[in-house]
Amino acid sequence: MADRENIVRNSSLLSPRTTAAMADTIAAATVSLFLKPSTRYSQLFLTLTTSLPVLRFNSLKNPKFRPLVVSSSMSIESAAAPQETSSKSPSFLDHREGSRFLHFVKYHGLGNDFIVFDNRDSSEPKIRPEQAVKLCDRNFGIGADGVIFALPGVNGTDYTMRIFNSDGSEPEMCGNGVRCFARFIAELENFHGKRQSFTVHTGAGLIVPEIQEDGQVKVDMGEPVLKAANVPTKLASNKNDAVVKSELVVDGVTWNVTCVSMGNPHCVTFGTKGGEDLQVDALNLAQMGPKFEHHDVFPARTNTEFVQVYSPSHLKMRVWERGAGATLACGTGACATVVAAVLEGRAGRNCTVDLPGGPLEIEWREEDNHVYMTGPAEVVFYGSVRL
């Protein structure tokens, strides 16, 4: 094992504090690490040799940072220096999976983060729900809001997407997750710089993501489901079989809610009955969210969106996700929010929806009744995990 001084001496590009912390960590663990330069991030390839991935390095947003290769012998060399081995940089696609290791890529969509596995050789996920819970743990695992699997397509679709939430439950769909899924497929199929679309089978039905030339992902999310029984909710319909601005008592307070399904259930509220316009930053989301999620009028539980209206084309939203809690973004929630805002007469059909992790562009198109979502998805790091 290399000593701490050697590690520090060969890491002059890092700040002293970062170097010292990195040296202490490397000296205590066996890690194979590759940092790949990117226009926005230095991407990370990480192999962990513990029973669970308890060590995590974050991506570095530093355009001057040169890639480093940290070998299992703990020596550090600049990737720019001459190498005796192949000059090709390590890639997660170049490493064959053994019976004990699985490769993954961690992505995020506006901070809503996912561990993504290439599962195209099997119709069943390689990870069990209880394993997904451990992997999603932010202290003792990799850390994520969910685990996504790219499986073979069914019923004529190109691919199938399945998701396990951080609590082990399986949602029908996830808007930010499908954008991450699309970018993952684009990397697997080498779609970079090309405008490509493909079909994805999900628990919510057919989804069609399209990779834009600028790297953004536009997703045809399909038609919103408004019939109360199909959302599902036990609240009585009050507008053409839909629940629009209906009253819901939560912890003694009456809220006005609109219920929408984007393949998964959503309860959207713009405030309490007779109250002032909602100021979403002032909400105690951790206190209120679970009370909506587990309310007995939602037999399948629900995602809940708390929405503030800036203008007819600009909304702000905070979300409590079913099975994941407070997250930085929710794509299906942003779609449901715009549908609810239109139904309540608060906004038009084209809106920017601000979430804690950033904005999404949402359009509820009148011609085909489909909802279209456009937003980013970014690689965080590449890695392998031993199960």
Side-chain angles (χ1 to χ4, degrees), residues 7 14-15 17-35 41-61 70 72 74 92 100-117 125-149 163-171 174 176-177 180 284-290 293-294 303 318-330 355-357 377-387:
I7 293 171
L14 299 173
S15 69
R17 180 179 296 179
T18 302
T19 299
M22 184 176 180
D24 289 337
T25 303
I26 293 173
T30 302
V31 181
S32 171
L33 173 66
F34 175 70
L35 290 171
Y41 299 95
S42 289
Q43 296 174 348
L44 178 66
F45 182 86
L46 175 64
T47 299
L48 301 172
T49 58
T50 54
S51 59
L52 277 174
V54 297
L55 179 63
R56 180 159 57 99
F57 288 83
N58 290 325
S59 302
L60 301 174
K61 193 174 181 181
V70 185
S72 59
M74 295 298 108
F92 83 108
R100 300 170 66 188
F101 284 88
L102 290 177
H103 301 309
F104 67 86
V105 186
K106 182 172 176 179
Y107 282 85
H108 80 88
L110 300 179
N112 196 192
D113 54 346
F114 304 92
I115 303 161
V116 188
F117 288 100
K126 296 177 180 179
I127 301 292
R128 300 189 304 274
E130 60 270 23
Q131 291 174 312
V133 172
K134 294 180 179 179
L135 293 177
C136 290
D137 190 289
R138 297 189 183 277
N139 295 305
F140 298 99
I142 298 168
D145 292 320
V147 178
I148 294 176
F149 306 91
I163 311 170
F164 292 149
N165 283 325
S166 57
D167 70 350
S169 62
E170 183 172 1
C174 173
N176 288 312
C180 293
N284 186 337
L285 198 59
Q287 181 183 46
M288 293 302 304
E293 177 185 357
H294 297 281
N303 303 280
R318 292 181 67 192
V319 61
W320 181 267
E321 289 198 52
R322 178 187 61 166
T327 61
L328 294 178
C330 177
L355 303 105
E378 302 282 351
V379 170
V380 182
F381 61 80
Y382 302 87
S384 299
V385 58
R386 185 173 69 182
L387 300 177

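A donor-acceptor distance shorter than 3.5 angstrom exists from the side chain of N176 to the backbone of A329, with no hydrogens or angles considered. The backbone N or O of D167 sits nowhere less than 3.5 Å from a side-chain atom of N165 that would complete a donor-acceptor pair. The closest donor-acceptor contact from the side chain of N303 to the backbone of R322 lies under 3.5 Å. Under the 3.5 Å distance criterion, the side-chain polar atoms of E293 are matched with a main-chain donor or acceptor of G323.
Among all heavy-atom pairs drawn from R128 and E130, the shortest one is NE-OE2, 2.7 Å. Here the closest heavy-atom approach between residue L285 and residue P290 is recorded as O-CD, 3.9 Å. In terms of heavy-atom proximity, F114 sits nearest to C180 at CD1-SG, 3.9 Å. Minimum interatomic distance between F104 and S384 (heavy atoms only, all atoms of both residues): CE2-N, 3.5 Å. Residues V147 and C136 approach most closely at CG2-SG, 3.8 Å, considering heavy atoms. Shown here for N139 and D137, the closest heavy-atom pair between the two residues is N-OD1, 2.8 Å.
Atom OG1 in T327 sits 9.5 Å away from atom CH2 in W320 (nearest 0.5 Å).
The aromatic rings of F149 and F117 sit parallel to each other, their planes meeting at less than 30°, with 60° as the upper class boundary.
In this structure, C174 and I148 have side chains that are not in contact, with every pair of non-hydrogen atoms separated by 4.5 Å or more. Using a 4.5 Å heavy-atom threshold, the side chains of E321 and D145 count as separate.
For D113, the salt bridge (Lys or Arg N to Asp or Glu O under 4.0 Å) partners are K106, R138, not counting sequence neighbours. Residues satisfying the side-chain hydrogen bond (donor to acceptor under 3.5 Å, both in side chains) test with R318, not counting sequence neighbours, are none.
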